[in-house]
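Below is one structure, written out as structure tokens; the observations come after it.
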Amino acid sequence: MTTKAAKRKNTLRLLMIVLILGVVAIISLLYIVVAPNVRLHDKEQDAYLYIYDNFTFEDVVEQLDTGNYMLNTGTFSLVAKLSGYDKKVRTGRYRLEEGMSNISLVRKLRNGSQDPVKLTINNIRTRDQLIKLLTRELMADAESITALLTNDSLIAAYGFNRNNVISVFIPNTYEFFWDTDATELFERMNKEYHRFWTDERIARAAAIPLTPLEVITLASIVEEESNKSTEHPIIAGLYINRLKIGMPLQADPTVRFSLNDFTIKRVLFGHLRNESPYNTYRNKGLPPGPIRLPSINVIDAVLNYTKHDFLFMSAKETLNGEHNFARNGAEHMMNARKYQKALDARGIR
């Protein structure tokens, strides 16, 4: 074999080796990019990556590594850097799926393709409880939400004040992106509030006559008074009767709220002396704001209240959550004595 032929053969051999190595490199890179790399733990159906606004790329990798969600965090880092994700980390809540590839996860994070939070608002009595719920489900912190809900000029622009501003949170289930901030949250809930208050509901409120905010406040008392849905329109009618004649509501739940003690089972004369605008034994009319966030069903029960001539109510002696209703003080005293006797018999103080 001539020297020239030998050189040609060696060149071809070298090219073949380079080609093979290139193919191997491409296959390896493709494998790194598209092979499954996310793993969930046994019996774990949902796992989420939470990226805060101060997170760096290293923080993201550390969270994945600490959660033991990656088969190989090194290959994830490589794909992320090749895609430029390490230079632009986006906040959010991202669902991890079993078997996700590096490129699938990187694209999701880079594009900010969040998985929304289903925020269910119910059974909330106080602003602090509401803030605790919101901060548990969303990235917004308690300080920013509190600052917004106590910003008098801002909430006044929306038609609220500090006492009634939580009324904007109509109980329901809503979808939010986890990184929604306090302002975005409030603006969204304000839109939901006005969507709820249709022309028909506003007209029903005006016919009572009450404003939407007053309806919510009355509904909050009605809901605290009874867990029996059949009684809600009756109780609403009773309090509306009292409002119309200027009679104090004398609602025990408002006393518990004014004392911030919801464990009180038996409201005593000592409790009634509490100086508070929420104590409807000492103040006529509605309290300055709701004593809980009433459900939509109870709000509608107020708007569709039962028309009757009851002015008094007392818990039934059966202690099953139902009430006896009365038209005058004499009937009410009879009902109240039966209830007090039942409490005494059970040692409830």
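In what follows, every heavy atom counts, from backbone to side chain, and hydrogens, waters and symmetry copies are set aside.
Side-chain contact check for Asn37 and Asn102: at least one donor-acceptor pair (N or O, by modelled atom type) lies under 3.5 Å. A donor and an acceptor atom, one from each side chain of Asn324 and Glu331, are nowhere located under 3.5 Å apart. The closest side-chain donor-acceptor pair between Gln114 and Asp179 falls under 3.5 angstrom. No hydrogens or angles considered: nothing links the side chains of Tyr278 and Asn283 as a donor-acceptor pair under 3.5 Å.
No more than 12 heavy atoms of other residues, nucleotides or ligands shown are found within 6.0 angstrom of CG on Asp199. In this structure, Lys244 places its NZ atom where more than 12 heavy-atom neighbours from other residues, nucleotides or ligands lie under 6.0 Å away. For Met247, the CE atom counts as densely surrounded, since its 6.0 Å shell holds more than 12 non-hydrogen atoms of other residues, nucleotides or ligands.
The main-chain N or O of Ala251 is found under 3.5 Å from a side-chain atom of Thr280 such that the two form a donor-acceptor pair. Judged by distance alone, the side chain of Gln129 and the main-chain N or O of Ile124 form no donor-acceptor pair under 3.5 Å. With hydrogens and angles disregarded, a donor-acceptor distance shorter than 3.5 Å links the side chain of Arg256 to the backbone of Ile264. Although no hydrogens or angles enter the test, the distance criterion places no donor-acceptor pair under 3.5 Å between the side chain of Asn241 and the main chain of Leu311.
Annotation: side chain of Ile170 is in contact with side chain of Ile216 (closest heavy-atom distance under 4.5 Å). For the pair Leu133/Leu119, a side-chain contact is recorded, criterion being any heavy-atom separation below 4.5 Å from C-beta on. Annotation: side chain of Tyr339 is in contact with side chain of Leu319 (closest heavy-atom distance under 4.5 Å). For the pair Leu109/Leu49, a side-chain contact is recorded, criterion being any heavy-atom separation below 4.5 Å from C-beta on.
Across Leu138 and Phe177, no two heavy atoms sit closer than the pair CD2-O, 4.0 Å. Across all non-hydrogen atoms, the minimal contact from Phe325 to Asn335 is O-ND2, 4.0 Å. The minimum heavy-atom distance linking Pro248 with Lys284 is given by the pair CG-CG, 4.0 Å. Minimum interatomic distance between Asn279 and His271 (heavy atoms only, all atoms of both residues): ND2-O, 4.1 Å. Residues Leu286 and Leu243 approach most closely at N-CD2, 4.1 Å, considering heavy atoms. Contact record, Phe262 with Asn260: CE1-OD1, 3.7 Å, taken as the closest heavy-atom pair.
Residue pairs satisfying the salt bridge (charged side-chain N to carboxylate O under 4.0 Å, His left out) criterion with at least one member in residues 129-154, sequence neighbours excluded, are listed as follows: Asp152-Arg162. Pairs engaging residues 203-229 under the salt bridge (charged side-chain N to carboxylate O under 4.0 Å, His left out) rule: Arg125-Glu224, Glu200-Arg204, Glu223-Arg292, Glu224-Arg292 [sequence neighbours left out]. Screening residues 62-71 for salt bridge (charged side-chain N to carboxylate O under 4.0 Å, His left out), with sequence neighbours left out, gives no hits.
Ring geometry for Phe57 against Phe76 counts as parallel: the plane angle stays under 30°, on a 0 to 90° scale with 60° as the upper cut.
Distance CZ/Phe186 to OH/Tyr158: 6.5 Å, rounded to 0.5 Å. Taken to the nearest 0.5 Å, the CD atom of Glu322 stands 6.0 Å off from the CD atom of Glu231.
Of the options Arg95, Arg93, Lys108, a salt bridge (Lys or Arg N to Asp or Glu O under 4.0 Å) to Asp115 is made by Lys108 and by none of the others.
For Arg90, the side-chain contact (heavy atoms from CB on, under 4.5 Å) partners at least two apart in sequence or on another chain are Tyr94. Applying the side chain to side chain donor-acceptor pair (under 3.5 Å) test to Asn68 and every residue at least two apart in sequence or in another chain returns Arg39. The side-chain contact (heavy atoms from CB on, under 4.5 Å) check on Ala236 picks up Val222, Val302, Tyr305, with sequence neighbours excluded.
The cationic atom of Arg242 (NZ for Lys, CZ for Arg) lies less than 6.0 Å from the six-membered ring centre of Phe312 and within 45° of the ring axis. Stacking of Arg110 on the aromatic ring of Tyr85 is not recorded, the 6.0 Å distance cut-off and the 45° axial limit not both being met.
Aromatic ring centres of Phe196 and Tyr193: separated by at least 6.0 Å.
We find that Lys191 and Glu187 are not joined by a salt bridge, their nearest charged nitrogen and carboxylate oxygen being 4.0 Å or further apart.
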